[in-house]
Amino acid sequence: MPASGSLSDIVMPRLMVKICSKPWTRNFRVTLRVVLVSVLDPPERDAYLANEATKKWTASNQVLVEIACTRSPKQLNLAKEAYHARFKKSLEEDVAYHTTGDFRKLLVPLVSTYRYSGDEVDLRLAKSEAKILHQKIAAKEYSCDDVIRILTTRSKAQINATLNQYKNDFGNDVNKDLKADPKDEFLALLRATVKCLVFPEKYFEKVLRRAINKLGTDEWALTRVVVTRAEVDMKTIKELYEKRSSVPLDKAIAKDTHGDYEKMLLTLIGVVQE
């Protein structure tokens, strides 16, 4: 992480303000935003994304879940250190301040945890906690302490074992049972949490599909996913996208964007351009 007072630490926030305030073309603004977010080290980038998400938080904003659940424990810790250095406060306190109710109850422990990252699982515990999850979900106690505890403290391997046991014992994927009310934004956040923990590539494929296919491209979602996953799991995301949409991701991006913005995104997803 760069030392306090580094170039990116000083210049980045000022440039991002200018991007939104100058009377530049939309394409130039989004292109410059890709450049600026791309040049940040991953911890600094996550700190910036988390700060944007907290300041502009709405119930449908899932960026904090993305950062908390798709990064490794060490990566999340480095992001929180970068957040502290840049914004002179902790990510946890900002999340607690800007969120309320059940959303705060889930998000604060998600960004606070340091999960075990090993592959060991306890199958007896998985069976026990699968039963707990089923009981609480059936009773619509979605924000009860047990549900929050399991999703925010168990290792990803243990959660995966628990959710496999859930499907084996009760017949449904847990996310199917969490769709009791498709318009409930807290349930949507719970589903995003589960997907980010056990199958992040599928989660990000859906974010891309929605960003590109909606009326008017969601450039920020498109930019965020491409930049943060380019060197992580983009190959798998592209395969899932093509399988789901019957169109290669690079073709979809080329159809929906143009100019330097298009070229930068295509380069980041691995397209070799002449």
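Keep in mind the model is a prediction, meaning the values are calculated, not measured.
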Next on the checklist: If you count every heavy atom of other residues, nucleotides or ligands that lies below 6.0 Å from Arg149 atom CZ, does the total exceed 12?
Outcome noted: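 Correct, the count exceeds 12.
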Checklist entry - How about Tyr114: does its OH atom have over 12 heavy atoms from other parts shown lying under 6.0 Å from it? => result yes
[atom1] of [X] to [atom2] of [Y]: how many Å apart, nearest 0.5 Å?
X: Ile137; Y: Leu190; atom1: CD1; atom2: CG; answer: 8.0 Å
X: Leu265; Y: Asp250; atom1: CG; atom2: CG; answer: 11.5 Å
X: Thr223; Y: Met264; atom1: OG1; atom2: CE; answer: 9.5 Å
X: Lys255; Y: Thr217; atom1: NZ; atom2: OG1; answer: 10.5 Å

I'd like to know if [Y] and [X] are part of one continuous hydrophobic network [Ile/Leu/Val/Met/Phe/Trp/Tyr, side-chain heavy atoms within less than 4.5 Å].
X: Val35; Y: Ile253; answer: yes
X: Ile237; Y: Val232; answer: no
X: Met234; Y: Trp220; answer: yes
X: Ile132; Y: Val198; answer: yes
X: Tyr261; Y: Leu268; answer: yes

May I ask you to say whether [X] pairs ionically with [Y], meaning some side-chain N is under 4.0 Å from a carboxylate O?
X: Asp94; Y: Lys89; answer: yes
X: Lys238; Y: Glu242; answer: no
X: Arg71; Y: Asp46; answer: yes
X: Asp181; Y: Lys140; answer: no
X: Arg224; Y: Glu66; answer: yes
X: Glu239; Y: Lys243; answer: no
X: Glu44; Y: Arg86; answer: yes

Minimum heavy-atom separation for [X] and [Y], please, with both atom names.
X: Tyr166; Y: Asn172; answer: CD2-O, 3.3 Å
X: Ser143; Y: Asp102; answer: OG-OD1, 3.1 Å
X: Leu91; Y: Lys80; answer: CD2-CG, 4.0 Å
X: Val227; Y: Ser38; answer: CG2-OG, 3.6 Å
X: His98; Y: Lys55; answer: CE1-CA, 4.3 Å

Checklist entry - In terms of the angle between their ring planes, are Phe170 and His134 parallel, tilted or perpendicular, with boundaries placed at 30° and 60°? => result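 Answer is parallel, since the angle falls under 30°.
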Item to check | Asn51-Tyr83 side chain donor-acceptor pair, cut-off 3.5 Å | outcome: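 Yes, side-chain donor-acceptor contact under 3.5 Å.
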Under 3.5 Å, is there a donor-acceptor pair between the side chain of [X] and the main chain of [Y]?
X: Lys195; Y: Pro200; value: no
X: Glu93; Y: Ser90; value: yes
X: Asn175; Y: Leu178; value: no

Checklist entry - salt bridge (Lys or Arg N to Asp or Glu O under 4.0 Å) between Lys131 and Asp169: does it pass, once the steps are laid out? => result CA-CA 8 Å; Lys131 183 178 180 180; Asp169 288 351; over 6 Å; no
